[in-house]
Amino acid sequence: MPPLRTIAIAVGAALFAVSIRAPSLLAQLDYRNLDDGRPVQTEDAYPVERYAFEALAPYRFESARGGVRDHVFLPELEFGAFDNVQLAVRAPVVGAGAGAGTRWGLAGLVLGALYNLNTESTNLPAFSARADLALPLGALAGGDTRVTLKAIATRSFGSTRLHLNLARGFGGDGSPGALQLAPQWSASFAADRTLFRQSLLLVAEIAAFDPDRSQPSEFSAALGARYQWKTTTVLDLGFGRRIGNAGPDLSFTFGISHAFAFRGLMPARAH
């Protein structure tokens with residue numbers, strides 16, 4: 001049986017093969033849309049466009065004390081189901097451990113929905129609410145079903161934007177998996193800067209994370225970039241470092257995403 005690392009790559013390739021065969025969306029500034037974990041934990045308050053799909057294939061590497069290294073593949077498919085509503089499904093595959101002792105396996109299945117309550121105005125930032133359901137599917141998923149509720153705010157000042165994410169997890173924590181999909185709580189603040197002529201976005205983040213009641217809180221700082229390689233294809237790269245004694249020493253992320261649409265789902269034009 002091929003290793004799950006190979007399966008994860010194959011799943012990501014399949015998503016992109018489907019997306020490339022479908023009609024592309026019109027040109028867009030997709031590199032400005034921060035996704036959860038691409039390239040930092042903080043996301044912005046805006047969903048994908050209505051009737052649009054976005055296939056994401058991120059990879060994250062974490063190095064901790066004692067030679068422990070984790071490889072995380074997070075293939076995800078997002079869909080703009082309605083105006084201001086985004087649905088998503090994510091199937092993380094994790095390689096946990098070090099060297100020959102690394103264990104590979106599916107670390108759960110996450111179903112999510114994001115609703116953008118308002119667009120940004122003169123007096124108010126953009127606000128969104130997100131809910132995720134993490135199901136214990138796979139050898140490394142643990143044994144608990146958990147729900148995460150998140151509040152997201154985005155405020156623009158010309159080419160600079162500020163983002164605040166606050167999340168709270170609910171559910172059992174007696175049998176945690178290899179990847180913490182729904183922490184007890186998390187908070188992050190990020191600032192990004194858009195370089196329009198280069199189709200490039202730079203972002204810096206400070207984050208706090210509480211895995212569960214039995215572990216200390218983690219604090220980290222991260223830097224990242226998103227680059228619009230093609231009209232509907234975005235590359236991202238990020239580096240993170242823990243602050244304090246808890247959490248991974250270093251983290252590295254790399255991802256690629258492709259936005260697409262199927263003509264059959266688009267509304268018919270009025271004549």
Side-chain angles (χ1 to χ4, degrees), residues 10-39 42-58 73-92 109-121 124-135 147-156 161 163 165 167 192 194 196 199-201 226-236 255-271:
V11 169
L15 286 175
F16 279 92
V18 171
S19 68
I20 291 171
R21 290 174 62 89
S24 296
L25 295 172
L26 297 176
Q28 56 181 312
L29 297 177
D30 192 46
Y31 69 97
R32 295 198 78 196
N33 298 333
L34 289 178
D35 297 300
D36 180 16
R38 298 190 55 238
T42 306
E43 60 183 313
D44 68 18
Y46 293 104
V48 297
E49 298 178 16
R50 187 172 66 146
Y51 302 127
F53 289 87
E54 188 167 20
L56 304 92
F73 296 90
L74 289 163
E76 182 173 2
L77 184 65
E78 299 175 346
F79 173 54
F82 309 101
D83 285 335
N84 303 317
V85 175
Q86 171 183 300
L87 304 179
V89 57
R90 179 187 300 183
L109 182 70
V110 182
L111 307 177
L114 181 146
Y115 176 61
N116 178 228
L117 294 113
N118 68 290
T119 56
E120 194 171 344
S121 66
L124 287 174
F127 287 107
S128 286
R130 174 173 164 175
D132 289 330
L133 174 65
L135 302 173
V147 173
T148 301
L149 301 179
K150 179 187 282 189
I152 306 165
T154 294
R155 184 65 167 171
S156 300
R161 301 187 304 170
H163 313 277
N165 289 188
D192 68 41
T194 302
F196 287 104
S199 297
L200 180 68
L201 178 139
R226 287 173 63 96
Y227 173 66
Q228 189 130 8
W229 179 38
K230 296 182 179 180
T231 302
T232 54
T233 303
V234 175
L235 305 177
D236 63 85
I256 182 170
S257 62
H258 186 79
F260 62 99
F262 292 106
R263 294 191 188 279
L265 295 177
M266 303 298 288
R269 294 182 178 179
H271 297 285

Considering all heavy atoms of both residues, which atom of [X] and which atom of [Y] are nearest to each other, and what is their separation?
X: L200; Y: Y227; answer: CD1-CB, 4.1 Å
X: G112; Y: D132; answer: CA-OD1, 3.2 Å
X: D30; Y: E54; answer: OD2-OE2, 2.9 Å
X: L114; Y: S128; answer: CD2-OG, 3.8 Å
X: S156; Y: R161; answer: OG-CG, 3.5 Å
X: A81; Y: L87; answer: CB-CD1, 3.8 Å

- Query: Just by modelled atom types, is the S199 backbone N or O under 3.5 Å from a matching donor or acceptor in the Q228 side chain?
  - Reply: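 Judged by distance alone, no pair lies under 3.5 Å.
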- Polar side-chain atom of N118 near backbone of F127 as donor-acceptor pair, under 3.5 Å: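 Flag set: sc N118 to bb F127 pair under 3.5 Å.
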- Message: Working to the nearest 0.5 angstrom, can you tell me the gap between F82 CZ and N84 CG?
- Response: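 It comes to 12.0 Å.
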- Gap separating the CZ atom of R130 from the CG atom of N116, nearest 0.5 angstrom: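 If I round to the nearest 0.5 Å, the distance is 13.5 Å.
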Do [X] and [Y] touch side chain to side chain, with heavy atoms closer than 4.5 Å?
X: R32; Y: F196; result: yes
X: L56; Y: L74; result: no
X: L34; Y: P39; result: yes
X: D192; Y: T42; result: no

Using a 3.5 Å cut-off and no angle test, enumerate the donor-acceptor pairs between side-chain atoms of residues 147-155 and protein atoms at least two apart in sequence or in another chain.
unit_1	atom_1	unit_2	atom_2	d
K150	NZ	E43	OE2	2.9
T154	OG1	A45	N	3.0
T154	OG1	H163	ND1	3.0
R155	NH1	S121	O	2.6
R155	NH1	L124	O	2.9
R155	NH2	T122	O	2.6

- Query: For F79 and V48, what are the C-alpha separation, side-chain angles and deciding distance, and is it a side chain to side chain contact (heavy atoms under 4.5 Å, CB included)?
  - Reply: CA-CA 7 Å; F79 173 54; V48 297; 5.8 Å; no
- Any pair counted as salt bridge (charged side-chain N to carboxylate O under 4.0 Å, His left out), so long as it reaches residues 81-90, sequence neighbours left out: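 Qualifying pairs: D36-R90, R50-D83, E76-R90.
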- With Q86 via side chain to side chain donor-acceptor pair (under 3.5 Å) - residues at least two apart: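 Once residues adjacent in sequence are excluded, Q86 has no partner under the side chain to side chain donor-acceptor pair (under 3.5 Å) criterion.
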